[in-house]
K.L.:
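Below you'll find the structure I mean.
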Amino acid sequence: MSSPSPSAAATPAERYPFHDSALPLDKRVDDLLSRLSPAERLSMLHQYAPAVPRLGIGAFRTGAEALHGVSWLGVATAFPQAVGLGASWDEELVREVAEAVSTELRAFHHHRPAAIAPDRGPNSLQAWAPVLNLLRDPRWGRNEEGYSEDPVHTARLGEAFCRGLAGDHPTYLRAAPVLKHFLAYNNEDDRCTTSSGVRPRVLHEYDLAAFKPAIASGAATGVMAAYNLVNGRPCHVSPLLEAELRRWAEPTGRELFVVSDAEAPSNLVDPEHYFDDHAEGHAAALKAGIDSFTDHGEDSETVIGRLREALERGLIDQEDVDLAVRRQFELRFRMGEFDPELDPYAKIGAEVVDSAPHRALARRAAAESTVLLKNTGLLPLTDPTKKIAVIGPHGDALFEDWYSGTLPYAVTVADGLRARLVPAGGELAVHEGLDRILLRAATSGEPLNGTAFDLGDWGLGVLTLRAVDSGGFLSVKEDGSLVADQAVIKSWDVHETFRLVEADGGALLLQSVLTGRYAAAGADGAVKVTAEDAAGAERFTRELLRDGRAEAVAAAADADLAVVVLGNHPLIHGRETLDRQGLALPPAQEELLKAVAAVRPETALIVMSSYPYAVDWADEHLPAVLWTSHGGQETGHALADVLFGDADPAGRLPQTWYRGDDELPHPLDYDIIQAGWTYQYHQAPARYPFGHGLSYGTFRYGGLEVEEGVLGQDGTVRAALTVSNTGTRGGTEVVQLYVRPLEARYQAPRRRLADFRKVTLAPGQSRRLVFDLPVAAHLAHWDVATGTFTVDPGSYQLLAAASAEDVRATAQVTVEGPAPAPRAVLGRRTGAADFDAHRGIALVDATRTDGDAVTPAGSDAELVFSTVELTGSREVSAEVALDGALDGPDAAELEFSVDGRVLATLAVPPTGGRYAWTTVTAALDGAPHGVHDLRVALRGPVRLAAFTVA
């Protein structure tokens with residue numbers, strides 16, 4: 001099947017200048033835009049832009065999911081999850097994967113009709129990928145979608161993915177990469193109403209740093225705004241879209257096409273209540289820089305009607321509309337829509353989908369993403385004639401996540417090992433370790449659905465029931481009926497999870513996790529999930545037909561080696577819209593592992609998961625532990641390659657694996673500096689640190705040498721070292737170069753990744769690696785006093801390491817330059833958010849359009865401004881807002897102090913609203929002189945935007 005090129009939908013006899021490929025792109029866009037009526041231009045702002053037959057312009061839709069394979073459009077090559085690709089630390093591999101994905105996306109565009117709204121244009125070539133949100137909190141439900149907890153690592157892999165998607169043609173794009181999700185998005189629970197408090201240092205050193213390189217280099221063509229709020233302001237009306245993103249893109253000569261996330265424009269009114277009505281909210285998003293509204297699904301008219309109303313009310317003007325449409329058409333020209341005869345990617349055929357080269361790439365990517373966490377000699381396996389028991393719920397199953405493509409086929413761990421063992425005379429035993437049960441209804445005495453079920457236990461009381469007779473998962477239908485017809489669990493609302501709730505007398509109630517209702521017997525005897533409470537629920541007895549753990553233990557005892565494969569289901573617990581509650585493995589899985597290891601010490605654990613787990617017991621008791629993300633269709637072959645040593649375990653952890661007793665910060669505490677997030681600031685020892693991973697080779701690092709030990713602030717550090725494989729096997733090492741200041745005047749990271757290099761060495765082979773680190777890029781910090789990146793003079797240490805905690809060689813350099821002056825506040829406006837340290841604050845919006853302010857998160861808070869020059873100061877004024885009336889004259893106030901001495905106390909009166917700003921002033925008691933740490937206490941619900949010392 002094929003669909004026509006969108007430009008050929010109704011080609012007019014007359015050719016216009018925009019058809020002329022010899023004209024500069026901006027002239028072509030100018031001409032096309034001039035030929036559209038105002039109404040036609042407005043209609044282009046929805047995700048589904050209509051065709052304009054009189055001009056030969058076809059329908060256009062923004063967005064195709066392409067995170068680790070083409071998604072939602074049908075069978076396509078499935079690569080490892082993004083976090084798995086992050087574990088490869090391999091930019092070239094990531095680029096190749098993205099090239100394969102975009103090639104298949106081209107095939108879907110040209111040769112497959114759209115599954116959704118086929119009359120609204122062909123499948124899009126705008127790829128909503130990669131995700132550059134940093135993996136700050138490993139409990140994030142969408143952890144699988146990001147690359148890393150580190151901005152340098154994320155930025156480099158993200159840029160590589162963008163280049164693979166886009167191709168290398170100077171004019172035309174194979175696909176148009178869109179970065180997700182801007183900005184500071186790392187929690188799912190209540191994601192549309194939670195605010196990420198991001199102080200300036202975290203904003204510039206961490207969150208923005210992941211996005212900037214792909215945009216500044218021109219590799220990315222667009223950005224998607226995030227659901228959450230940042231400092232109290234929804235990301236869809238963030239001034240950073242223009243002030244940062246589009247400013248970075250200016251030198252490239254290309255516009256960024258910014259799209260909304262699904263339904264997020266409507267969220268501005270409900271549930272966020274940030275604007276009074278949708279016309280106002282949509283207008284604000286358009287003016288802030290949103291060019292395309294993904295809202296109300298295929299219903300364009302609702303969205304366009306709101307924007308039309310905004311035009312009529314004067315909230316936006318025609319120039320705002322035209323600018324957004326101009327950005328859309330620039331992208332459409334670059335994707336070859338108007339030049340099908342010149343587009344070098346137009347002839348890509350349908351045969352590329354799940355092609356042999358892509359299958360081979362999927363296998364290599366899955367192998368290179370595998371991380372060997374521990375090995376005391378068990379691996380690699382050398383004798384394929386042995387008997388291996390593959391045990392666990394992931395041993396003979398592969399799972400798709402929400403952004404996976406549809407697997408063309410599935411090679412499980414058991415499949416991969418079977419293909420290795422059987423031809424060589426070895427044996428394989430496979431046991432999931434799941435109990436097989438009957439749920440017998442008290443009313444009828446009959447088994448539920450007339451069949452036995454294999455019981456999957458995913459922890460926290462959440463279960464799945466797979467019918468023995470059909471192999472399908474039990475699913476709740478809209479009318480409450482129970483049908484075991486789901487071969488895979490993959491839907492936005494998961495209908496296949498249940499709880500078995502204990503009732504009086506030892507009976508069990510079957511409760512749907514999705515609806516909260518209970519299974520009940522109707523008048524006809526049919527059991528449906530319809531009871532609102534336990535009183536009306538059917539009672540069941542559980543009959544054990546097969547003890548899964550006992551059979552798995554017996555299989556392990558009878559084998560030479562056990563491979564236990566555990567982990568998560570990507571659609572259960574941690575997933576989009578749902579964060580994890582902790583890091584522990586499901587207890588049933590942990591108990592299965594312990595029971596197997598008790599009878600078979602030669603046990604290797606494979607954790608197959610979308611995120612880190614606390615595997616303390618396994619690390620202490622097992623000889624080998626590995627981790628792989630959900631690796632796609634070739635997972636089993638890839639893991640067999642690694643286990644038998646045909647492929648080196650080349651992966652390294654892209655995020656810290658914490659210990660089970662390590663108390664992590666609150667999920668909504670986005671201040672990585674003060675909260676202690678990631679390897680940069682976390683103090684407690686990790687179970688497995690960022691960058692950790694073992695090879696079958698052994699490596700020696702030579703000394704780290706620097707070309708110049710003393711440099712200026714605009715210089716470049718050249719560092720070099722020699723890495724040698726001292727083992728008897730070839731292997732791959734990821735050499736990581738970290739930096740840290742030795743005498744920082746600010747709260748500096750323990751260390752920060754500056755560069756990395758992945759090298760594969762044969763036994764006895766050595767390679768000299770040279771790193772060039774511009775001082776301004778790698779030794780700078782965001783100076784809150786000056787609002788710029790600054791390199792302080794002083795000593796800095798370079799650390800060559802095999803992980804963030806496995807330092808192999810160090811060197812030191814000195815940066816010369818003028819000493820930083822004390823913070824100057826006299827006669828200057830000092831932003832409240834530009835603090836050096838804080839206690840108990842919340843960052844909020846100063847206005848709906850711009851600026852940050854600070855307010856207490858509870859009843860009081862404190863800001864610290866370090867090394868402030870106060871000589872000559874006489875009074876202080878503060879820009880404050882206070883919503884509503886308060887009891888008592890001292891209900892809200894500010895207190896300025898140094899060295900424990902109060903300089904001024906300012907009462908804050910109600911101002912009439914959170915954006916109703918006024919200035920309060922007081923004399924400074926004692927006229928302080930010299931340099932001090934200035935402390936500002938906030939009491940009551942006062943909002944402080946800035947202060948000025950005079």
Side-chain angles (χ1 to χ4, degrees), residues 392-393 431-486 489 491 493-553 568-569 571-573 578 581-582 584-592 594-595:
H431 286 271
E432 293 178 289
L434 305 182
D435 287 346
R436 179 164 292 176
I437 65 169
L438 283 177
L439 289 175
R440 195 174 296 279
T443 302
S444 65
E446 295 297 320
L448 177 66
N449 279 42
T451 186
F453 294 97
D454 290 331
L455 187 68
D457 186 339
W458 300 99
L460 302 177
V462 175
L463 310 170
T464 53
L465 296 161
R466 191 182 65 217
V468 173
D469 59 359
S470 69
F473 288 97
L474 192 68
S475 179
V476 178
K477 305 306 177 183
E478 286 190 15
D479 64 353
S481 60
L482 290 164
V483 184
D485 62 348
Q486 297 301 304
I489 299 173
S491 57
D493 295 316
V494 177
H495 295 251
E496 295 78 33
T497 51
F498 300 88
R499 298 183 190 278
L500 286 174
V501 181
E502 290 189 9
D504 295 340
L508 296 173
L509 313 180
L510 183 67
Q511 182 184 32
S512 165
V513 173
L514 176 65
T515 68
R517 297 188 181 98
Y518 296 84
D524 60 356
V527 175
K528 293 186 176 182
V529 179
T530 55
E532 296 291 342
D533 54 37
E538 176 66 76
R539 268 55 179 168
F540 294 94
T541 57
R542 170 176 165 164
E543 297 179 16
L544 182 65
L545 303 182
R546 185 180 72 188
D547 186 327
R549 187 188 308 168
E551 291 194 6
V553 168
N568 76 304
H569 190 298
L571 275 296
I572 299 174
H573 294 317
L578 181 67
Q581 297 181 23
L585 281 165
Q589 292 191 17
E590 183 102 353
E591 291 161 9
L592 173 65
K594 291 178 179 179

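These figures come from a predicted structure and were not determined experimentally.
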K.L.:
Please check: side-chain N/O of Q511 versus main-chain N/O of G516, any donor-acceptor pairing under 3.5 Å?
P.N.:
yes
K.L.:
Which atoms form the tightest heavy-atom contact between A552 and H431, and what is the distance?
P.N.:
CA-CB, 4.1 Å
K.L.:
Quick one: side-chain hydrogen bond (donor to acceptor under 3.5 Å, both in side chains) partners of E496, sequence neighbours excluded?
P.N.:
S475
K.L.:
How many angstroms lie between OG1 in T515 and CZ in F498, if you round to the nearest 0.5 Å?
P.N.:
8.5 Å
K.L.:
Which value, rounded to the nearest 0.5 Å, describes the distance between F473 atom CZ and D454 atom CG?
P.N.:
9.0 Å
K.L.:
Going by side-chain contact (heavy atoms from CB on, under 4.5 Å), L455 matches just one of L463, L544, L439. Which one?
P.N.:
L463
K.L.:
For residues A484 and A467, report the shortest heavy-atom separation together with the two atoms involved.
P.N.:
CB-CB, 3.5 Å
K.L.:
What pair of heavy atoms forms the shortest contact from A520 to G536, and how long is it?
P.N.:
CB-O, 3.3 Å
K.L.:
Please name the pair of heavy atoms, one in A595 and one in R549, separated by the smallest distance, quoted to 0.1 Å.
P.N.:
CB-CD, 3.9 Å
K.L.:
Can you list the residues that meet the salt bridge (Lys or Arg N to Asp or Glu O under 4.0 Å) rule with E538, with sequence neighbours excluded?
P.N.:
none
K.L.:
Would you please name every residue forming a ring-ring contact (aromatic ring centres under 6.0 Å, His included) with H569, sequence neighbours left out?
P.N.:
F399, W458
K.L.:
Which residues pass the side-chain contact (heavy atoms from CB on, under 4.5 Å) test with D493, not counting sequence neighbours?
P.N.:
H495, L514
K.L.:
Tell me, do L460 and H573 make a side-chain contact under 4.5 Å, heavy atoms counted?
P.N.:
yes
K.L.:
Looking at residues at least two apart in the chain, or sitting in another chain, which of them share a salt bridge (Lys or Arg N to Asp or Glu O under 4.0 Å) with E446?
P.N.:
none
K.L.:
Between L510 and L465, does a side-chain contact (heavy atoms from CB on, under 4.5 Å) hold up when you go through it step by step?
P.N.:
CA-CA 11 Å; L510 183 67; L465 296 161; 4.0 Å; yes
K.L.:
Would you please name every residue forming a side-chain contact (heavy atoms from CB on, under 4.5 Å) with L508, sequence neighbours left out?
P.N.:
L500, E502, R542
K.L.:
Among residues at least two apart in sequence or on other chains, which ones pass side-chain hydrogen bond (donor to acceptor under 3.5 Å, both in side chains) with R546?
P.N.:
none
K.L.:
Just to verify, what does A550 make a side-chain contact (heavy atoms from CB on, under 4.5 Å) with, not counting sequence neighbours?
P.N.:
D547
K.L.:
Yes or no on side-chain contact (heavy atoms from CB on, under 4.5 Å) for T497 and T464, after CA distance, side-chain angles and deciding distance?
P.N.:
CA-CA 5 Å; T497 51; T464 53; 4.2 Å; yes
K.L.:
So which heavy atom on P587 is nearest to which on G459, and how close?
P.N.:
CD-CA, 4.2 Å
K.L.:
Which atoms form the tightest heavy-atom contact between R539 and A534, and what is the distance?
P.N.:
NH1-O, 2.8 Å
K.L.:
After noting the C-alpha distance and the side-chain angles of E432 and R466, does the key distance pass the salt bridge (Lys or Arg N to Asp or Glu O under 4.0 Å) rule?
P.N.:
CA-CA 12 Å; E432 293 178 289; R466 191 182 65 217; 2.7 Å; yes
K.L.:
When rounded to the nearest 0.5 angstrom, what is the spacing between CG in D457 and CD in Q589?
P.N.:
8.0 Å
K.L.:
In Å and rounded to the nearest 0.5 Å, what is the CG to CD distance from D435 to E543?
P.N.:
13.5 Å
K.L.:
How would you list, by chain and number, every residue that makes a side-chain hydrogen bond (donor to acceptor under 3.5 Å, both in side chains) with Q581, sequence neighbours excluded?
P.N.:
none
K.L.:
Residues two or more places apart in sequence or in another chain: which of them pass side-chain contact (heavy atoms from CB on, under 4.5 Å) with N449?
P.N.:
T451, F453, L474, L482
K.L.:
Can you list the residues that meet the salt bridge (Lys or Arg N to Asp or Glu O under 4.0 Å) rule with D485, with sequence neighbours excluded?
P.N.:
K477
K.L.:
By salt bridge (Lys or Arg N to Asp or Glu O under 4.0 Å), which residues pair with D479, not counting sequence neighbours?
P.N.:
K528
